[in-house]
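First up is the structure itself, then whatever we jot down about it.
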Amino acid sequence: MKKILQDLTLPQLEVLMNDYGEKSYRAKQIHRAMHAGLKISEISDIPKSLREKLLLEYEDEPVRILETIYSKDGTEKFLFSLSDGNIIEGVLMKYAYGNTQCVSTQVGCRMNCAFCASGLNGLVRNLSSGEILSQIYVVNRTHGGTTDKRFVTNVVLMGSGEPLDNYDNVVEFIREVNCSDGINISQRNISLSTCGLVPQMLKLADEGLQVNLSVSLHNPFDSTRKKIMPVANKYSVAEILRACDYYFEKTGRRFIFEYSLIKGENDTRACADELIKLLAKRPCHVNLIRLNAVPERGLKATADADAYAFLSMLEKGGVSVTLRRRAGADIGGACGQLRNKYIDKNSGDISD
Ligand code: SAH
């Protein structure tokens, strides 16, 4: 596998140009072109000889859109292929305030949450920062966006993978996507979602970043959380809440809890009461979403009426909370579902 040019920051590109014996302004040209989603072979303002030299060492197109699936609600789902043949997926959701892209940070995942399709086959590998960035560059470009006039305005690290299990590349990604010479998406428009890796949450708080932190809570009781999230055997809800408080202390950013409603598992009065006890006085918001049932996982979504009842219990208890619509539910919206389907189809197992 060749190297990935999008992994390099502007100063690193300057070093490369220096090694190549090129003028340093070439680095800026290449950097801008990368952020605009151009392939190396398309950078027309650098000499052909330089393009050819780069192509000997670097991938022309590290992330390619293999397939786009359109939902009735305007959501788009992408299957991307990587240069080593791996497949990842992403989502684009359109809102009044802008367009949010959901990116993957790993191929597969090793967290193995009981409801999630991403971890069904474990972790294959981490994505490099350039591979995470390229998902955005390519979608932004495909929709007519540039670095000056972005189509993708918001980013959520909520695709396949556990972002904090790929810590260094993810932090590098956040710094680079926010680069003023490039696509420059504001850190405040970026949300990182974690299943609750406490040491990395604490480390992230000290990075001096301004990204929004989301935690997939899904159950306020350790004993039952452990049944759906193996990571809960390592870190308790109390430790997670302390890490969130520290994140707020350091960044001033209110934190978010993701809570996927699973029938009979986490939608009970007792769960609502515990959430109220833990969260009502904290600077946080709860995003409720009905489970996107993954057939292989055997869990069911809470019925609509019960979801509204749960929402109302939390509201009455003073928790800031919303029940979110399931964007793209008709097109396999849940993490990892599309990739699994694609892989199955192409290995001749299931033909959905
Ligand atoms: N590993 C990170 C990033 C995944 S983000 C994390 O755990 O936060 C994706 C969000 O969708 C997480 O809150 C995850 O728990 C949730 N999720 C995964 N599969 C789901 C499903 N089938 N239905 C509803 N939510 C799901």
Side-chain angles (χ1 to χ4, degrees), residues 75 77 88-91 93 100-123 126-127 132 135 155-167 169-170 173-174 190-198 200-201 204 211-219 225 227-232 234-235 237 240 243-244 247 255-263 265-267 284-302 307 310 322-341:
T75 300
K77 265 212 107 156
I88 51 169
E89 58 185 85
V91 187
M93 292 156 287
T100 299
Q101 187 174 345
C102 173
V103 296
S104 291
T105 53
Q106 296 179 315
V107 182
C109 183
R110 57 183 183 140
M111 298 300 137
N112 201 21
C113 297
F115 43 82
C116 182
S118 297
L120 279 168
N121 300 305
L123 175 68
N126 282 332
L127 297 184
I132 308 173
Q135 296 170 52
V155 174
V156 293
L157 293 140
M158 293 192 183
S160 294
E162 166 50 47
L164 295 185
D165 190 36
N166 183 14
Y167 187 91
N169 293 346
V170 163
F173 157 79
I174 293 167
I190 301 174
S191 298
L192 182 152
S193 184
T194 177
C195 60
L197 299 182
V198 168
Q200 291 92 322
M201 288 166 70
L204 188 72
V211 296
N212 306 302
L213 180 66
S214 285
V215 179
S216 301
L217 192 61
H218 304 322
N219 204 300
R225 192 167 183 263
K227 289 202 288 186
I228 53 165
M229 300 181 75
V231 68
K234 258 186 135 163
Y235 307 110
V237 171
I240 288 174
C244 288
Y247 195 81
F255 40 91
I256 311 280
F257 292 104
E258 304 295 334
Y259 201 94
S260 301
L261 289 163
I262 309 171
K263 191 181 169 68
E265 289 281 329
N266 62 0
D267 54 1
C284 67
H285 183 80
V286 177
N287 272 330
L288 299 176
I289 189 162
R290 272 150 291 176
L291 183 79
N292 259 317
V294 174
E296 297 90 326
R297 294 298 199 180
L299 295 167
K300 292 204 168 60
T302 299
F310 196 77
T322 39
L323 175 62
R324 299 221 325 231
R325 68 187 171 97
R326 282 185 293 190
D330 54 331
I331 52 170
C335 301
Q337 264 185 314
L338 211 59
R339 169 176 176 262
N340 291 344
K341 234 180 228 177

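Counting starts at 1 for both ligands and their atoms, following the listed order.
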Pairs of nitrogen or oxygen atoms closer than 3.5 Å, one from [X] and one from ligand 1: do any exist?
X	answer
G161	yes
E162	yes
F115	yes
E258	no

Do the side chains of [Y] and [X] get nearer than 4.5 Å, heavy atoms only?
X	Y	result
N266	R225	no
L323	R290	yes
M201	L164	yes

Query raised in the report: Should the ring pair Y259 and F310 be called parallel, tilted or perpendicular, given that the plane angle runs from 0 to 90° and is split at 30 and 60?
Result: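 Ring orientation, 0 to 90° scale: parallel.
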Query raised in the report: In terms of heavy-atom contacts, does CZ of R297 have more than 12 from other residues, nucleotides or ligands at under 6.0 Å?
Result: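 Above 12, so yes.
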Which ligand 1 atoms does [X] reach within 4.0 Å, using its non-hydrogen atoms?
X	answer
C195	6 (C), 7 (O), 8 (O)
S260	24 (C), 25 (N), 26 (C)
V294	22 (N)

Query raised in the report: ligand 1 versus H218, non-hydrogen atoms closer than 4.0 Å: side chain, backbone, both, neither?
Result: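 Near ligand 1, H218 shows its side chain, while the N, CA, C and O stay back.
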Report task. Please work out whether any backbone atom (N, CA, C, O) or any side-chain heavy atom from C-beta onward of T194 is under 4.0 Å from ligand 1, and answer side chain, backbone, both or neither. Result -> backbone
Query raised in the report: Looking only at heavy atoms of M229, does any of them come nearer than 4.0 Å to an atom of ligand 1?
Result: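 Not so, M229 does not reach ligand 1.
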**Report entry** Residue-ligand contact S118/ligand 1, heavy atom below 4.0 Å
**Finding:** no
Query raised in the report: Picking from V170, N169, I132, what satisfies side chain to side chain contact (heavy atoms under 4.5 Å, CB included) with L127?
Result: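 It is I132, the one option of V170, N169, I132 that forms the side chain to side chain contact (heavy atoms under 4.5 Å, CB included) with L127.
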Query raised in the report: Could you give the distance from OG1 (T75) to CE (M93), rounded to the nearest 0.5 Å?
Result: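 Atom-to-atom, T75:OG1 and M93:CE are 7.0 Å apart.
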Query raised in the report: Between the side chains of T105 and E162, does any donor sit under 3.5 Å from an acceptor?
Result: no
Query raised in the report: For atom 4 (C) of ligand 1, which candidate among G159, S216, C116 provides the closest heavy atom?
Result: G159
